[in-house]
Amino acid sequence: MKYLIFIFIIITNLICQSNSKECPCGNDQLCKPLEIEPRKEFIGFSVNSTHYPYYNWDTLTTIGIFYQEEIEDKLLCMAKTLGVRLVYSAFYPVDQLSNQTHIDEWINQQLELVQSTFTDGLNFDVEDPITDPIVAKQYTQLVAATNNAFKSVNPYYQISVDVAWDSSNCIDERCYDYVGLSKASDFLVVMDYDMQSRVYTKTCVASANSPPSLVLAGMLNFTKLGIDENSLVMALPWYGYNYPCIGMNYTLQTFECIIPPSNYLGCNCSDASGIEINYSIIMDMLNDTSIANGGLQWDSEFESPYFNFIDLFTGTQHQMWFDNPQSLNIKVTVARSMNLRGVGVWNIDQLWQDPNLSSEMWGALNSFF
Ligand SMILES: *[C@@H]1O[C@H](CO)[C@@H](O)[C@H](O)[C@H]1NC(C)=O
Ligand SMILES: *[C@@H]1O[C@H](CO)[C@@H](O)[C@H](O)[C@H]1NC(C)=O
Ligand SMILES: *[C@@H]1O[C@H](CO)[C@@H](O)[C@H](O)[C@H]1NC(C)=O
Ligand SMILES: *[C@@H]1O[C@H](CO)[C@@H](O)[C@H](O)[C@H]1NC(C)=O
Ligand SMILES: *[C@@H]1O[C@H](CO)[C@@H](O)[C@H](O)[C@H]1NC(C)=O
Ligand SMILES: *[C@@H]1O[C@H](CO)[C@@H](O)[C@H](O)[C@H]1NC(C)=O
Ligand SMILES: *[C@@H]1O[C@H](CO)[C@@H](O)[C@H](O)[C@H]1NC(C)=O
Ligand SMILES: *[C@@H]1O[C@H](CO)[C@@H](O)[C@H](O)[C@H]1NC(C)=O
């Protein structure tokens, strides 16, 4: 008898290993890739596997999975039921772009991952510098090959590509083949943040993370290349930058905050001098009576909110630049009037004590539709 049980265990183990996981949603139909025609998108980047109950499920169309934990069954079944695609963030090492063996293995792995977890595609998030046009073409070819492999299994799988905020000027040395990438994928997700990564001005001062006028100019540059508006998603930040101000004689009303030099890709004036902070934490800081601050301000040049405060640990002046419903609304209105494919957010895992704050932030994005 013991012997039989042992055999039974071995056989069931073998079956479980060879068969992928069973559909956890009670109905196998729910575990098929979502077969939804191209539509306007609201792509939310998710970095925490447990916050999904708080998302605005009515308006999200795609969730980018940027965490290592497995996707919870409840999230999977909820997304399938509500018609929201789940796509994995996909990173490919640039130094292997000419290695066909590696490419074939990688594409198979990604396809296997997506199929075995009943998800809906990939979001390419290669943010490395690529200055050689040959390598840029190879990256486009990788995306095209991945897209073909997925689409030949199911034409409704979604493949998107994250790109920097401007197609000109090789932002952050990403001289990618933007036109090629837009044709090789379903759409580009234009990352309209970290826009102060390299600033060539005389004085190095704290500034807005995502100024609407530059977001517009960057987006227009994509369309000037001939990229269809329907292939462009505007991704906006739900985070800001906390900058230390150097020098003396600051008051909480001083506008100009001189920041320490820090080298980013050969430029010594960069948002790398600041620290990224989530919007929910920023609002908690503003509301925290133990932190001396100059009150919420609006900069009309960069159409963004900011405030000065005294850092609790160092006792020195800091300046916070961020986005709120007011600045987000300006940009979402641009996205809508340009008739872009959609909007997006890095990241949607902010939790608020105040439900009004939460609904205003989601509402700013929802106004795209
Ligand atoms: C996700 O969020 C929960 C609740 O806010 C938190 O306890 C947990 O540490 C977070 N997980 C990660 C990996 O940050
Ligand atoms: C090419 O990729 C294969 C498979 O990952 C790997 O074994 C090999 O070392 C790679 N070749 C080079 C030159 O990196
Ligand atoms: C847009 O393209 C023009 C022409 O190539 C360039 O001068 C400009 O710096 C680009 N970026 C923005 C944000 O305007
Ligand atoms: C700060 O203000 C004092 C008094 O106005 C002045 O003497 C000093 O030069 C100022 N220091 C700096 C660094 O501007
Ligand atoms: C930053 O670099 C510029 C030249 O690129 C140089 O003139 C300037 O002195 C540098 N500033 C600091 C604070 O290192
Ligand atoms: C921002 O929030 C996300 C999700 O809760 C968390 O993983 C991350 O650590 C937070 N970042 C900061 C700087 O607090
Ligand atoms: C500010 O703090 C108060 C008291 O702790 C709290 O009731 C309120 O919800 C907070 N407001 C925001 C915007 O977080
Ligand atoms: C939330 O919004 C409602 C309606 O605008 C308002 O009556 C209420 O006071 C707000 N609550 C907070 C905590 O701000």
Side-chain angles (χ1 to χ4, degrees), residues 44-55 63-72 74-75 89-112 128 135 138 141-142 145-146 163-179 188 190-201 207-227 232 234-235 238-239 267 276-281 283-284 301-304 331 334-335 338 346-355 357-358:
F45 292 119
S46 171
V47 298
N48 186 302
S49 61
T50 65
H51 288 176
Y52 59 89
Y54 305 100
Y55 298 164
I63 296 174
I65 304 295
F66 277 72
Y67 49 78
Q68 297 305 314
E69 293 89 350
E70 273 186 34
I71 292 174
E72 290 189 4
K74 252 178 92 180
L75 166 58
S89 79
F91 175 78
Y92 186 91
V94 168
D95 64 2
Q96 295 295 324
L97 277 171
S98 59
N99 183 344
Q100 197 55 47
T101 318
H102 199 274
I103 290 173
D104 294 341
E105 277 179 13
W106 186 87
I107 293 176
N108 281 335
Q109 275 168 13
Q110 302 302 308
L111 191 53
E112 219 170 274
D128 295 26
V135 180
Q138 288 169 342
Q141 281 157 9
L142 169 77
T146 308
V163 296
W165 63 275
D166 187 3
S167 54
S168 294
N169 306 324
C170 292
I171 298 294
D172 299 341
E173 294 185 4
R174 293 176 214 170
C175 316
Y176 299 0
D177 163 27
Y178 293 102
V179 175
L188 303 181
V190 180
M191 297 182 286
D192 283 308
Y193 36 75
D194 301 338
M195 291 167 66
Q196 310 297 333
S197 59
R198 288 194 290 175
V199 180
Y200 296 96
T201 47
S207 189
N209 185 23
S210 176
S213 58
L214 278 189
V215 168
L216 171 62
M219 203 57 88
L220 286 174
N221 274 355
F222 282 98
T223 64
K224 279 179 197 154
L225 289 178
I227 297 174
L232 296 165
M234 179 190 288
W238 277 5
Y239 68 92
C267 177
E276 294 180 17
I277 309 276
N278 287 327
Y279 181 70
S280 52
I281 295 172
M283 293 315 280
D284 287 346
E301 185 186 355
F302 294 120
E303 297 176 289
S304 302
K331 289 173 276 208
V334 169
M338 284 183 77
W346 180 274
N347 62 60
I348 53 173
D349 290 301
Q350 317 292 303
L351 300 179
W352 291 275
Q353 286 179 327
D354 180 348
L357 265 188
S358 172

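Whatever order the structure lists ligands and atoms in, that order sets their numbers, starting from 1.
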J.: Should you measure from each heavy atom of H51, which atoms of ligand 1 turn up under 4.0 Å away?
T.: 1 (C), 2 (O), 3 (C), 4 (C), 5 (O)
J.: Look at the side chain of S210 and the backbone N and O of D192, then say whether any donor-acceptor pair between them is shorter than 3.5 Å.
T.: yes
J.: In terms of residue, atom name and distance, what is the protein heavy atom nearest to atom 4 (C) of ligand 3?
T.: S168 OG, 4.5 Å
J.: Look at atom 7 (O) of ligand 2 and say whether a protein heavy atom is found at less than 4.0 angstrom from it.
T.: no
J.: Can you find a protein heavy atom closer to atom 11 (N) of ligand 3 than 4.0 Å?
T.: yes
J.: Would you mind checking which non-hydrogen protein atom is closest to atom 14 (O) of ligand 3, with the distance to 0.1 Å?
T.: A217 CB, 3.6 Å
J.: Please walk me through it: do Y178 and D166 pass side-chain hydrogen bond (donor to acceptor under 3.5 Å, both in side chains)?
T.: CA-CA 10 Å; Y178 293 102; D166 187 3; over 6 Å; no
J.: Are the aromatic rings of Y279 and W238 close, with centres under 6.0 Å apart?
T.: no
J.: Side-chain donor-acceptor pair under 3.5 Å between D349 and Y55, yes or no?
T.: yes
J.: Using a strict cut-off of 4.0 Å, indicate which atoms of ligand 1 neighbour a heavy atom of N48.
T.: 1 (C), 2 (O), 3 (C), 8 (C), 10 (C), 11 (N), 12 (C), 14 (O)
J.: Between E69 and S49, is there a donor-acceptor pair closer than 3.5 Å when you use the side chain of the first and the backbone of the second?
T.: no
J.: To check your reading of the model: name the closest protein heavy atom to atom 3 (C) of ligand 3, its residue, and the distance in Å.
T.: N221 ND2, 3.8 Å
J.: Any idea which atoms of ligand 1 are less than 4.0 Å away from a heavy-atom of T50?
T.: 1 (C), 2 (O), 3 (C)
J.: For atom 5 (O) of ligand 2, which protein heavy atom lies nearest, and how many Å away is it?
T.: H102 CD2, 3.0 Å
J.: Checking N48 side chain against T50 main chain: does a donor-acceptor pair fall under 3.5 Å?
T.: yes
J.: For atom 2 (O) of ligand 2, which of the options N99, I103, T101 provides the nearest non-hydrogen atom?
T.: N99
J.: Can you confirm whether the side chains of Y92 and D128 place a donor and an acceptor under 3.5 Å from each other?
T.: no
J.: For ligand 3, which part of N169 has a heavy atom less than 4.0 Å away: the side chain, the backbone, both, or neither?
T.: side chain
J.: Would you say the side-chain atoms of N347 pair up with the backbone N or O of S46, donor to acceptor, closer than 3.5 Å?
T.: no
J.: State the atoms of ligand 3, each with its element, that fall below the 4.0 Å cut-off from a heavy-atom position in D166.
T.: 10 (C), 11 (N), 12 (C), 13 (C)
J.: Check ligand 1 against E69 and write out every atom of the ligand that is under 4.0 Å from a heavy-atom position of the residue.
T.: 13 (C)
J.: Give a yes or no on whether the backbone of S280 and the side-chain of N278 come within a donor-acceptor separation of less than 3.5 Å.
T.: no
J.: Using a strict cut-off of 4.0 Å, indicate which atoms of ligand 3 neighbour a heavy atom of W165.
T.: 13 (C)
